[in-house]
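Below is one structure, written out as structure tokens; comments come after it.
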Amino acid sequence: MNIILLGPPGAGKGTQAARLVAERQMVQLSTGDMLRAAVKAGTPVGLQAKAVMEAGELVSDAIVSALIGERLDQADSAGGAIFDGYPRTEAQAHALDLLLSERARALDFVVELQVDEAALIERVVGRYTCAKCGEGYHDRFKLPMVAGVCDVCGSTEFKRRPDDNAETVRTRMAEYRAKTAPILPLYEARGLVRRVDGMADMDAVGAAISGILEA
Ligand code: AMP
């Protein structure tokens with residue numbers, strides 16, 4: 001099964017993708033994670049992408065589609081892929097169709113996480129993760145049980161994404177509205193879109209997505 005999780009920054013795509021990975025034999029293909037890894041490693045792609053990401057703008061279609069193509073060729077994605085943060089433009093949507101058909105694969109669903117944009121800014125700006133195990137926290141909604149100590153692994157180091165500040169989040173939302181939301185009608189015409197209330201609590205969103213995949 002191959003599915004796309006679609007929604008603006010902070011809609012919960014990453015959280016729900018991680019949940020699906022834990023429950024099913026699927027891999028999470030997050031272009032954001034791949035790009036952050038490239039920036040950290042200082043690869044040519046990372047050097048090109050860094051400033052664009054910090055500004056909240058979109059990295060070129062060619063770069064992200066190449067990253068997805070490479071990842072689809074790794075054996076672990078054969079059981080199914082969850083596209084998280086890709087495609088983000090019409091050109092990427094067409095590239096993905098091609099990448100899948102070349103591998104005799106096809107999309108099963110496009111799950112749109114519907115959210116209230118005003119609430120998203122607060123969600124995104126307050127979020128941070130454990131630097132060691134990646135567990136997610138939030139300044140208001142989910143503090144560690146012991147201040148400064150990760151509930152899961154006990155680490156005392158945490159990190160925040162440099163693009164999770166109010167100004168950049170606004171640009172990322174504008175990019176979503178202008179370039180990503182317009183790809184929904186393409187998938188709607190193919191009968192692939194399923195809508196989920198992304199403002200519900202994490203477990204309810206997860207249950208709704210599972211219901212769609214099992215239908
Ligand atoms: P994300 O982790 O999905 O929020 O992505 C973080 C940043 O990486 C975005 O704001 C973009 O600058 C870049 N990025 C991630 N995925 C894509 C994509 N599919 N197309 C273009 N840029 C992307």
Side-chain angles (χ1 to χ4, degrees), residues 2-21 27-72 77 81-100 107 110-113 115 117 119-129 131 134-138 159-184 186-187 198:
N2 300 295
I3 68 164
I4 295 174
L5 293 182
L6 207 72
K13 301 184 297 291
T15 305
Q16 294 302 330
R19 175 190 289 259
L20 288 170
V21 167
V27 292
Q28 174 185 8
L29 302 190
S30 157
T31 40
D33 285 349
M34 292 175 202
L35 290 167
R36 278 184 287 280
V39 169
K40 198 169 171 203
T43 66
V45 163
L47 294 176
Q48 247 180 293
K50 188 170 188 282
V52 179
M53 292 172 77
E54 279 172 7
E57 290 161 7
L58 294 185
V59 173
S60 85
D61 293 329
I63 287 182
V64 291
S65 294
L67 289 173
I68 289 287
E70 281 165 27
R71 200 58 192 78
L72 280 173
S77 87
I82 306 150
F83 298 97
D84 159 12
Y86 178 92
R88 258 175 157 99
T89 64
E90 213 175 305
Q92 291 178 26
H94 293 307
L96 178 59
D97 281 340
L98 196 64
L99 288 170
L100 289 173
L107 278 175
V110 175
V111 177
E112 184 197 8
L113 295 169
V115 282
E117 273 201 25
L120 284 192
I121 304 237
E122 191 184 25
R123 256 201 206 181
V124 176
V125 170
R127 70 185 180 181
Y128 61 98
T129 53
E135 180 69 4
Y137 294 95
H138 192 281
K159 60 180 184 185
R160 286 176 196 263
R161 281 172 46 172
D163 58 347
D164 277 351
N165 61 77
E167 194 196 332
T168 309
V169 173
R170 285 203 180 86
T171 307
R172 287 159 62 198
M173 301 245 176
E175 290 283 65
Y176 180 82
R177 272 195 304 271
K179 297 175 185 160
T180 309
I183 68 181
L184 269 164
L186 304 178
Y187 293 124

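All figures in this text were calculated on a predicted structure; none of them were measured in a lab. Note that the numbering runs from 1 along the sequence shown for the chain. Reckoned from all heavy atoms, side chains included, excluding hydrogens, waters and symmetry mates. Atoms within a ligand are numbered from 1 in the order they appear, just like the ligands themselves.
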Extract all donor-acceptor atom pairs below 3.5 Å that involve side chains of residues 46-57 and protein atoms in other chains or at least two apart in sequence.
| residue | atom | partner | partner atom | Å |
| --- | --- | --- | --- | --- |
| Lys50 | NZ | Glu54 | OE2 | 3.3 |

For ligand 1, find each of its N or O atoms that sits under 3.5 Å from a protein N or O atom, and tabulate the pairs with distances to one decimal place.
| residue | atom | partner | partner atom | Å |
| --- | --- | --- | --- | --- |
| ligand 1 | 2 (O) | Arg36 | NH1 | 2.9 |
| ligand 1 | 2 (O) | Arg36 | NH2 | 3.0 |
| ligand 1 | 2 (O) | Arg161 | NH1 | 3.2 |
| ligand 1 | 2 (O) | Arg161 | NH2 | 3.3 |
| ligand 1 | 3 (O) | Arg88 | NH1 | 3.0 |
| ligand 1 | 3 (O) | Arg88 | NH2 | 3.1 |
| ligand 1 | 4 (O) | Arg88 | NH2 | 3.4 |
| ligand 1 | 4 (O) | Arg161 | NH2 | 3.0 |
| ligand 1 | 4 (O) | Arg172 | NH2 | 3.4 |
| ligand 1 | 5 (O) | Arg88 | NH2 | 3.4 |
| ligand 1 | 12 (O) | Glu57 | O | 2.5 |
| ligand 1 | 16 (N) | Thr31 | OG1 | 2.8 |
| ligand 1 | 16 (N) | Gly85 | O | 3.4 |
| ligand 1 | 16 (N) | Arg88 | NH1 | 3.0 |
| ligand 1 | 19 (N) | Thr31 | OG1 | 3.3 |
| ligand 1 | 19 (N) | Gly85 | O | 2.9 |
| ligand 1 | 19 (N) | Gln92 | OE1 | 2.9 |
| ligand 1 | 20 (N) | Gln92 | NE2 | 2.9 |
| ligand 1 | 22 (N) | Val59 | N | 3.0 |

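Residues Thr89 and Asp61 bring a donor and an acceptor atom of their side chains to less than 3.5 Å of each other.
Side chain of Lys13 to backbone of Gly85: no donor-acceptor contact under 3.5 angstrom is found.
Under the salt bridge (Lys or Arg N to Asp or Glu O under 4.0 Å) criterion, Glu167 pairs with no residue at all, not counting sequence neighbours. Residues that satisfy the side chain to side chain contact (heavy atoms under 4.5 Å, CB included) test with Thr43, not counting sequence neighbours, are Ala38, Ala41, Val45.
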| request: Let me see the working for Tyr86 and Ser65 under side chain to side chain donor-acceptor pair (under 3.5 Å), right down to the final yes or no. | output: CA-CA 8 Å; Tyr86 178 92; Ser65 294; 2.8 Å; yes
